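Comments concern the structure below.
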Amino acid sequence: MQPLPKEYNFIEIERKWQQRWEEMGIYRYDWSDMKRPVFSIDTPPPYPSGELHMGNVLNWTYFDIVARYKRMRGYNVLFPQGWDCHGLGIEIQVEKLHNIRKRDVPPEQFRKLCSELVEKYIGMMKEGILKLGCSIDWTTEYRTMDPDYWRRTQLSFILLYRKGFMYQGTHPVNWCPRCETAIADAEVDYEKREGTLYYIRYPLENSTEYLLIATSRPEFIPACVAVEVNPKDERFNKYIGKNIVVPIVNRKVPIIAEETVDPTFGTGVVQICTYGDKEDVKTVMKHKLPIVTLLTENGRINENGGKYVGLTINQARAAIVEDLAAAGLLEKTEKITQEVGRCDRCKAHIEILERKQWFMKTRVLTDVVEKTANEVVWYPDYMKSRLVDWAKSLDWDWVISRQRLFATPIPVWYCKKCGELILAKEDWVPIDPKMENPRIDKCPKCDSTEFIGERDVFDTWMDSSITCAVHAGWPDRQDWKRLFPADMHPSGIDIIRTWAYYLMVRHLALFNEKPYKSCLINGMVLGADGRKMSKSLKNYVAAPDVLNKNGADATRQWAACGGATGSDIPYRTPDVEYGRRFLVKLWNVSAFVSKLLHNYVPSDIEKVELQPLDKWLLSKTESLTKKVTDAMEKCQFNIAVEEIRNFTWHVFCDAYVEAVKDRLYRPEVHGETKKLAAQQTLYKVLFKILQLLAPVVPHVTEEIYQALYAGSKGYKSIQLSPWPEYLEEWVDENAEKRGDLVVELISEVRREKAERRLSLNAPIRHLIVYAGDNSAAEAIEEAKTDVVGALKVNNLTVLPQSGSGRPLIQFSAVNFIAEYGESTKK
RNA sequence: GGGCCGGUAGUCUAGCGGCUAGGACGUCGCCCUCACGCGGCGAAGAUCACUGGUUCAAAUCCGGUCCGGCCCA
């Protein structure tokens, strides 16, 4: 046993162990081990967006605790780490960083710029994860932007296409008529501008009456599919269900009830066109209205526009307004301010267009998703309904195609001549159809030899929604099912609807099997003010700063303890500081124990005379082990940590160590066997404390273990020691009760000393304890050594009868009289 | 508007059918006790949001009201 240095230098200790653990390779999953049970964690590959944030810290701490705990429980733990690289976020940042637009440079060059930025961000995040001391098996590291990962995404698509889950369909998207491309919501700038509101008469069917509708987009009249009014609007609700005639095209459309119509805007009667704006999209979806496509991809009126075909939007508006006026249907116009979307690249007004997209049939799986969600163990349980409710609320299938560059290509081609769809074969992938032709001689349908590669790419969730299988070794390892389904999928509460859901539908569709057996949910990290942490609210704290300042072990305690698993937790400096103080306390008591156990040899232990307080502590340690193990099994990290900290600080340090000091200091008075008993108890209990804490605060426990225990226990790392078993034979309720009485007596006497403003080591000449009955008297008498030592009593009298001294709070039948002052005889 | 969660001392948090409602921070006393002042010993501070109900018993279960939070429309 080596003495521990006086100072606890967490920076040095944490860095040292992070390095050594990696060198020792103790977190490697052993792919060849067929004996130990496996436990696989489906680490969600994060989107590299810069430095690690406190939400990541919370997330990673949770499942690192699980990984470490499971290893100690004897599992062969797979704890992989990947990076979810693709996506619009990176594309936009690259454009900003280099002051370019993606279409300004060749696609290959743009992708290169994206992957460079991703690498930089991965470096930053990885540094944070390493600093947090996560027990990741870095030999598993992967990037979804690598062609080898494309291969898996593309293969999964091919298999799902063959199973009938993938199809092409049309879906409204933001469209820039100038760039002739779909753009994402994030690429649309909104600005206010002055527009005109046109009041137009729409005749009711079979009636001379008409309704006056107000619209800012009369050019969309040919695409009008309904007219809506608020059902509470008494002016118009009598018309609901009737038909109305759309002017110009003379088409009959229904008048429908829609609560979102604002009766005070315009006339309170609104036309729904496909699609004048985003509201129209919602209404059409909601009421399942028919769709009349009006625009071409370059923003001109198509054949559905009748006589206006070929006109631009502005030309069509002018022409239609003129025709309406001529027909006497235009009642008036007025100026309004309206919000319009512009392409953030070219500033052209965006339109909403229906465009061919790829979809995955997810709604057919909803019942299976619900059933499967019920088979999964959720931590906490109520999170299950988030997934089920989400799945049930979906109105349409998952759009898996995007019109972007930095993403996995969709492995299909179209025959230039007949349009036949050519799906890549399994052994063609990874492949980019924009760069390469399909590996066939001719179109199987028309024998043409010219093909057009799919330009669309996959939604980034297509990459990240197969991780459970990929982590297990699919499709390359024969034995991948050994690790599938994953034992645990960890996730933030905010991405249950995406991550947990997409994993579910994809794996169910691919393998008819659930992707994960359990799902561990973490809440959001809030600022100290209780609001969601964000830079704009100025309540943001950077994870690297927190880690540098307080160390990983203190930060991990905050994450584990900030609140119940799944609940949102605020980042509070005092919590982290309390964690730091606990570590100092643990360090100090360990250093103290190492001194007290200087000559102690663990092997010659059984000849000791265990004192009541020794038995008391040993029994309480078992109760603690049980409570902590139960909490760990249920992923109640806050309970586990709270229990260990309170036990360590208050039961172990404040009560036990204080009480046995005298036994250890003065064996000549109390006897060598009693000293040995205290040493043995300290040795055993501190070790268990370190073990129970090891998953939560791995660095400090390792450092203490190596100095105090490695020599006698022999494990290479405390992380490789078996989790303490609950030893029922050490549990002794009677010993606990009797010990409680002794501890209580000691505190009450100390309390009296405090009240009398005496120092705690003020001697007591004579302490008379009225125990009230024989068994209490016996308990105190048996613990005499520690009572006398801890309280500096010269003369102790324990009487079984009742007295009228100062009573104990918990044991009011027991009371005592203390006579202070130096004894004459010593 | 929908789904979920929550309202416990000045602040934060645990407990979720039955012991004097734990703990942390803060506050106030005391102790320079030979591991630790990033400490020790104590003290004050809570009608457990409001309101009905179930129960021998409710912070804990059920209904309603009010107020927050997260996610989604």
Side-chain angles (χ1 to χ4, degrees), chain A residues 3-8 10 259-260 278-279 281-282 285-286 380-395 492-498 501 521-533 550 554 557-558 561-596 631 636 638-643 645-646 649-650 653-655 657-658 661-662 664-666 682 746-763 789-792 809-810 812:
Chain A
L4 228 42
K6 202 168 161 53
E7 286 294 306
Y8 163 56
F10 66 87
E259 275 139 31
T260 57
K278 277 196 144 176
E279 285 305 310
V281 177
K282 284 185 205 163
M285 296 280 182
K286 185 169 165 188
D381 186 60
Y382 62 79
M383 290 300 176
K384 178 195 303 177
S385 56
R386 285 226 172 200
L387 180 69
V388 173
D389 291 345
W390 172 254
K392 286 179 161 176
S393 75
L394 292 171
D395 293 323
I493 188 171
D494 53 332
I495 50 175
I496 291 175
R497 70 193 172 83
T498 45
Y501 175 74
I521 302 298
N522 65 276
M524 309 302 293
V525 175
L526 311 176
D529 56 1
R531 290 185 296 173
K532 194 177 178 180
M533 191 178 275
N550 303 287
Q557 286 178 75
W558 158 79
C561 252
T565 302
S567 65
D568 294 345
I569 74 168
Y571 174 74
R572 287 175 303 252
T573 317
D575 283 13
V576 184
E577 284 168 355
Y578 180 74
R580 256 270 286 302
R581 280 178 22 228
F582 172 74
L583 296 172
V584 172
K585 186 76 185 177
L586 179 69
W587 182 267
N588 285 330
V589 78
S590 301
F592 186 47
V593 167
S594 77
K595 221 166 73 183
L596 295 172
Q636 295 174 324
N638 56 325
I639 292 173
V641 176
E642 212 62 65
E643 289 287 349
R645 279 165 156 185
N646 287 338
W649 204 317
H650 304 299
C653 295
D654 296 345
V657 174
E658 290 301 329
K661 272 181 184 173
D662 210 58
L664 292 154
Y665 287 151
R666 300 196 295 166
L682 287 172
I746 293 172
S747 339
E748 196 57 42
V749 174
R750 290 180 152 187
R751 209 169 280 146
E752 189 179 77
K753 283 186 177 178
E755 282 169 19
R756 290 176 177 238
R757 318 244 151 137
L758 291 165
S759 83
L760 290 183
N761 63 353
L791 296 171
K792 310 281 177 219
I809 293 175
Q810 308 272 354
S812 51

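The chains referred to below are lettered A, B, ... by the order of the sequence lines, with proteins before strands, and numbering in each begins at 1. Please read all numbers here as calculations on a predicted model, not as lab measurements.
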Could you check whether A/S747 gets within reach of a base, just the sugar-phosphate, or nothing at all, counting any heavy atom under 4.0 Å? sugar-phosphate

Pairing partner (Watson-Crick or G-U wobble, both distances under 3.5 angstrom) of B/rG17: none

Of the listed nucleotides (B/rC71, B/rC25, B/rA35), which one gets closest to any side-chain atom of A/D494? B/rC71

Choose from B/rC41, B/rA14, B/rA35 the nucleotide whose nearest atom is closest to any side-chain atom of A/N638. B/rA14

With a 4.0 Å cut-off on heavy atoms, is A/R386 in touch with a base, just the backbone sugar-phosphate, or nothing at all? base

By nearest-nucleotide position on RNA chain B, the 5'-leaning member of A/A564 and A/V584 is A/A564

In terms of relative ring orientation, are A/Y571 and A/W558 parallel, tilted or perpendicular, with 30° and 60° separating the classes? perpendicular

Integer-rounded Å distance: B/rC12 C1' and A/R572 CZ: 5 Å

Backbone N or O of A/A591 within a donor-acceptor pair of the A/K6 side chain at under 3.5 Å? no

Partner nucleotide, any strand, of B/rA24 [Watson-Crick/G-U, under 3.5 Å]: B/rU11

Taking the side chain of A/K585 as its heavy atoms from C-beta onward, which of B/rC36, B/rC4, B/rG23 lies nearest to it? B/rC36

For A/K595, report the nucleic acid contact type (base, sugar-phosphate, nothing); a contact means any heavy atom under 4.0 Å. sugar-phosphate

Distance-only donor-acceptor test, A/E658 side-chain atoms vs B/rA35 base atoms, 3.5 Å: yes

Hey, is the side chain of A/K753 poking within less than 4.0 Å of OP1 or OP2 on B/rU33, counting only N and O atoms? no

Whole-Å C1' distance, B/rC25 and B/rG63: 37 Å

CZ (A/R497) and OH (A/Y501) are apart, to the nearest 0.5 Å, by 12.0 Å

Side-chain contact check for A/R497: nearest option of B/rU13, B/rA14, B/rC72 is B/rC72

Provide, to the nearest angstrom, the distance between the CD1 atom belonging to A/I569 and the C1' atom belonging to B/rG6. 15 Å

In whole Å, I'd like the distance from the NE2 atom of A/H650 to the P atom of B/rG39. 11 Å

In whole Å, what separates the C1' atom of B/rA59 from that of B/rC48? 4 Å

What's the gap between B/rA21 and B/rU13 when it is taken at their C1' atoms, as a whole Å value? 13 Å

Between B/rC31 and B/rA46, how far is it from one P atom to the other, in whole Å? 28 Å

How far, in whole Å, is B/rC62 from B/rU55 if one measures between their P atoms? 16 Å

Please tell me which of the listed nucleotides, B/rG42, B/rA35, B/rC5, lies nearest to the side chain of A/F592? B/rA35

Considering only the C1' atoms, how many Å lie between B/rG29 and B/rA49, rounded to the nearest integer? 34 Å

Of the nucleotides B/rA24, B/rG39, B/rA14, which has the atom closest to the A/R581 side chain? B/rG39

Nearest-Å distance once atom P is located in both B/rG1 and B/rA57: 38 Å

What is the distance from NZ of A/K792 to C1' of B/rC34, rounded to the nearest Å? 9 Å

Which part of the nucleic acid, if any, lies within contact of A/C653, taking any heavy atom under 4.0 Å across all strands shown: a base, the sugar-phosphate backbone alone, or nothing? base

Rounding to an integer number of Å, can you tell me how far A/Y578 OH sits from B/rU13 C1'? 12 Å

B/rG18 versus B/rC36 - spacing of their P atoms, nearest Å: 42 Å

Figure out the CD/P separation between A/E752 and B/rG29, and round it to whole Å. 23 Å

Measuring from the side chain of A/N588 (C-beta onward, heavy atoms only), which nucleotide among B/rA14, B/rG40, B/rC36 has the closest atom? B/rC36

Check: A/F582 main-chain N/O paired with A/W587 side-chain donor or acceptor under 3.5 Å: no

Within this structure, what is the CG-CG distance for the pair A/N646 and A/D654, rounded to the nearest 0.5 Å? 10.5 Å

Nearest whole angstrom, please: distance from the C1' of B/rA73 to the CG of A/D389. 14 Å

Given 3.5 Å as the limit, does a donor-acceptor pair link the side chain of A/D568 with the main chain of A/G523, or not? no

Please give, in whole Å, the distance from B/rG23 P to A/E642 CD? 10 Å

If B/rA44 has a Watson-Crick or G-U wobble mate with both distances under 3.5 Å, name it; if not, just say none. none

Check every atom of B/rC4, B/rG69, B/rA35 against the side chain of A/S385 and return the nucleotide holding the closest atom. B/rC4

For B/rG23, does OP1 or OP2 lie under 4.0 Å from any side-chain N or O of A/W649? no

Given that A/E577 and A/D654 both sit by RNA chain B, which one's nearest nucleotide is further toward the 5' end? A/E577

May I ask you to evaluate whether A/Y665 reaches the phosphate of B/rA35, defined as a side-chain N or O under 4.0 Å from OP1 or OP2? yes

Measuring from the side chain of A/R750 (C-beta onward, heavy atoms only), which nucleotide among B/rA14, B/rC71, B/rC41 has the closest atom? B/rC41

From CZ (A/R386) to CG (A/D494), nearest 0.5 Å: 9.0 Å

Both distances below 3.5 Å, Watson-Crick or wobble geometry, any strand: find the nucleotide opposite B/rC61. B/rG53

Between A/Q636 (side chain) and A/A631 (backbone), is there a donor-acceptor pair under 3.5 Å? no

Would you mind classifying the nucleic acid contact of A/W390 as base, sugar-phosphate or nothing, using non-hydrogen atoms under 4.0 angstrom? sugar-phosphate

Hey, what's the ring geometry for A/Y578 with A/W649, parallel, tilted or perpendicular (30° and 60° as the breaks)? parallel

Pick base, sugar-phosphate or nothing for A/D575, based on heavy-atom distances below 4.0 Å to the nucleic acid. nothing

Where the side chain of A/K6 is concerned, which of B/rG3, B/rC34, B/rA35 is the nearest nucleotide? B/rA35

In Watson-Crick or G-U wobble terms, both distances under 3.5 Å, what is the partner of B/rC70? B/rG3

